[in-house]
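This report concerns only the one structure given below.
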Amino acid sequence: MMCENQPGALIKMDLGSLTQTAHDPIHLLPCEIQYDGHAAVDKYFTPTICQGVSAKEVSFRGRPLKGQEIKIPAGYIGLVVEENHRPCSEEEGRTVCMKSTFLSFTQWNLETLPSADDCAMMSLMWPKISEAIHRPVDSEE
Amino acid sequence: MSRKPCEAAARPDQWVLIARDSLLDLPKKPGDGALFTRLRNPSTGEGALFLFSSCAQQLFEIKVFKEDYHSWFVGQTVQHDGRLFFATPMDALFLILYYLIKAEKEQGKFQPVDQVVVDEAFPSSCILLQCTRAMQSLHHVTEEKEIGSKKFYKYNKEKTLKWLKKKVVQTVKALKSNNICVGGSVHSATFIRSKQMLDVTEEDYTRYAHGLISEYVPEELSADLLKYLELPELSSPAAQPPVKKRKVSDVLVEAEEDYTKFNSTDLKKKKPSNKMTAAQKSLAKVDKSGMKNISSFFSPKSVSKK
């Protein structure tokens, strides 16, 4: 049976690009930065990170942040995917490429000490719950 | 920067995604790959974003976790969009079930499944027929007849409810083993964990799991499942106990608006033109219900009266 290929409806994920991906350090910041593009993270942000008594600490734009390392659940992988080239015509298929992969990221809070209560942390429970919902049921008893 | 006349080409669009590693299994044919596409959300009937692995062996659901005022550093770059996407394996039978129920209402007869899963508005739906495991589990939700070498199916509500109940039971187990708070009064993680043992009833767990499963079945079936599980209907939201601080649900209220942006900035970027087919038109429709914010799964669906 043939599925009609609707270029507008499908976006291909180029898995071949996986071999060339970087392993960039990933940080989730508690502020909105109205910008996309290059930033000298390694020059101004990373060197000021230090391990405090109960959390990682860093100063960003003059404000102290507290952070924790969040590990990606086992069996999962963190991906940064990008679409470099947006097709100009409807006939042209769309593709996203892998830009980076990661197995953990650092989540930063403004004032509060990072904990298991943080929403980002809780969102990582989703894969486990989802697995229970979507796993095939045990066959007939 | 912009080399092309396209207005959007100047800036790459990029997303941070957590995916099951089986998604990355390399395709057998070079040039093949995983596919993002839109399918009908079986609960709402509206379009939502899904992902097929190479050769469509596995369907993945896409969920979004979003908090206001967040951005990412990715290596030596800033990504303004602070959302975190999840691609988790999904039981494609939920999506096929939607069409089986529809066919039962419209025709009410035994049919080959490839005649049932036909959707003009979502042409990718036929890819579901390639999900081997779901195709092998049709017997959970249908009666089957074999004539010659061809199989014919008819939706069966009793079997479906039995299947859904098993889903509820295995979900309850996962909620318990992962210490997910299903009760109404949430104060802090540590507090819940000690309190959970005392206060949370089996009914709370079942109700919570029913809420999770209901995100994947039509409303009518969700109501039938509630009866089948022998859960009493709740009188009103007023039954909720007064709560000082409900940390998890605080987040979801403010976060829930934003999950359509992936669609609006990306999938729907194309301006409507005269050339659009009926399918493309329906793809361009605003989808507010398909992609739910993840944090909504961590709030109690409803709280039983104690």
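Order of the sequence lines fixes the chain letters, A, B, ..., with proteins taken first and strands second; residue numbering starts at 1 for each chain.
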- Under a 4.5 Å heavy-atom cut-off, does chain B meet the side chain of A:Ala22, its backbone, both or neither? neither
- Task: Return the set of residues passing ring-ring contact (aromatic ring centres under 6.0 Å, His included) with B:Phe94 (not counting sequence neighbours), or none when no residue passes.
- Result: A:His134, B:Trp163, B:Tyr216
- Interface check, chain B: of A:Val81, A:Ile72, A:Asp24, most non-hydrogen pairs under 4.5 Å belong to A:Val81
- Inter-residue atom distance A:Lys12.NZ - B:Leu35.CG, 0.5 Å rounding: 8.0 Å
- Message: In the structure I gave you, are the side-chain heavy atoms of B:Phe85 and B:Lys63 within less than 4.5 Å of one another anywhere?
- Response: no
- Examine distances only and state if a side-chain atom of B:Asn178 and a backbone atom of B:Leu175 form a donor-acceptor pair shorter than 3.5 Å. no
- Task: Sort A:Leu29 into side chain, backbone, both or neither according to what part of it lies under 4.5 angstrom from a heavy atom of chain B.
- Result: both
- Per the side chain to side chain donor-acceptor pair (under 3.5 Å) rule, which among A:Glu69, A:Gln107, A:Gln51, A:Gln68 passes with A:Lys56? A:Glu69
- Which answer fits A:Asp14, side chain, backbone, both or neither, if we ask what part of it has an atom under 4.5 Å from a heavy atom of chain B? neither
- Task: Would you mind checking which part of A:Leu28 comes under 4.5 Å of any heavy atom in chain B, side chain (CB onward), backbone (N, CA, C, O), both or neither?
- Result: both
- Message: If we ignore hydrogens and angles and just use 3.5 Å, is the side chain of B:Lys167 paired with the main-chain N or O of A:Ala132 as donor and acceptor?
- Response: no
- Sort out for me which of A:Asp42, A:Thr106, A:Thr101 touches chain B most, counting heavy-atom pairs under 4.5 Å. A:Asp42
- chain A heavy atoms under 4.5 Å from B:Leu23: which part of the residue, side chain, backbone, both or neither? both
- Query: Should we count NZ of A:Lys71 as having more than 12 external heavy atoms under 6.0 Å?
  - Reply: no
- Let me know if B:Thr171 has heavy atoms under 4.5 Å from chain A in its side chain, its backbone, both or neither. both
- Query: Does the B:Asp21 side chain pair with the main chain of A:Ile77, one donor and one acceptor, at a distance under 3.5 Å?
  - Reply: no
- Highest number of heavy-atom pairs under 4.5 Å with chain B: which of A:Thr46, A:Ile26, A:Leu18, A:Val96? A:Ile26
- Item | Part of B:Ala87 within contact of chain A (heavy atom distance under 4.5 Å) | backbone
- Note on the structure: If you tally heavy-atom pairs under 4.5 Å between each of B:Pro89, B:Ser22, B:Ser125 and chain A, the highest tally belongs to B:Pro89
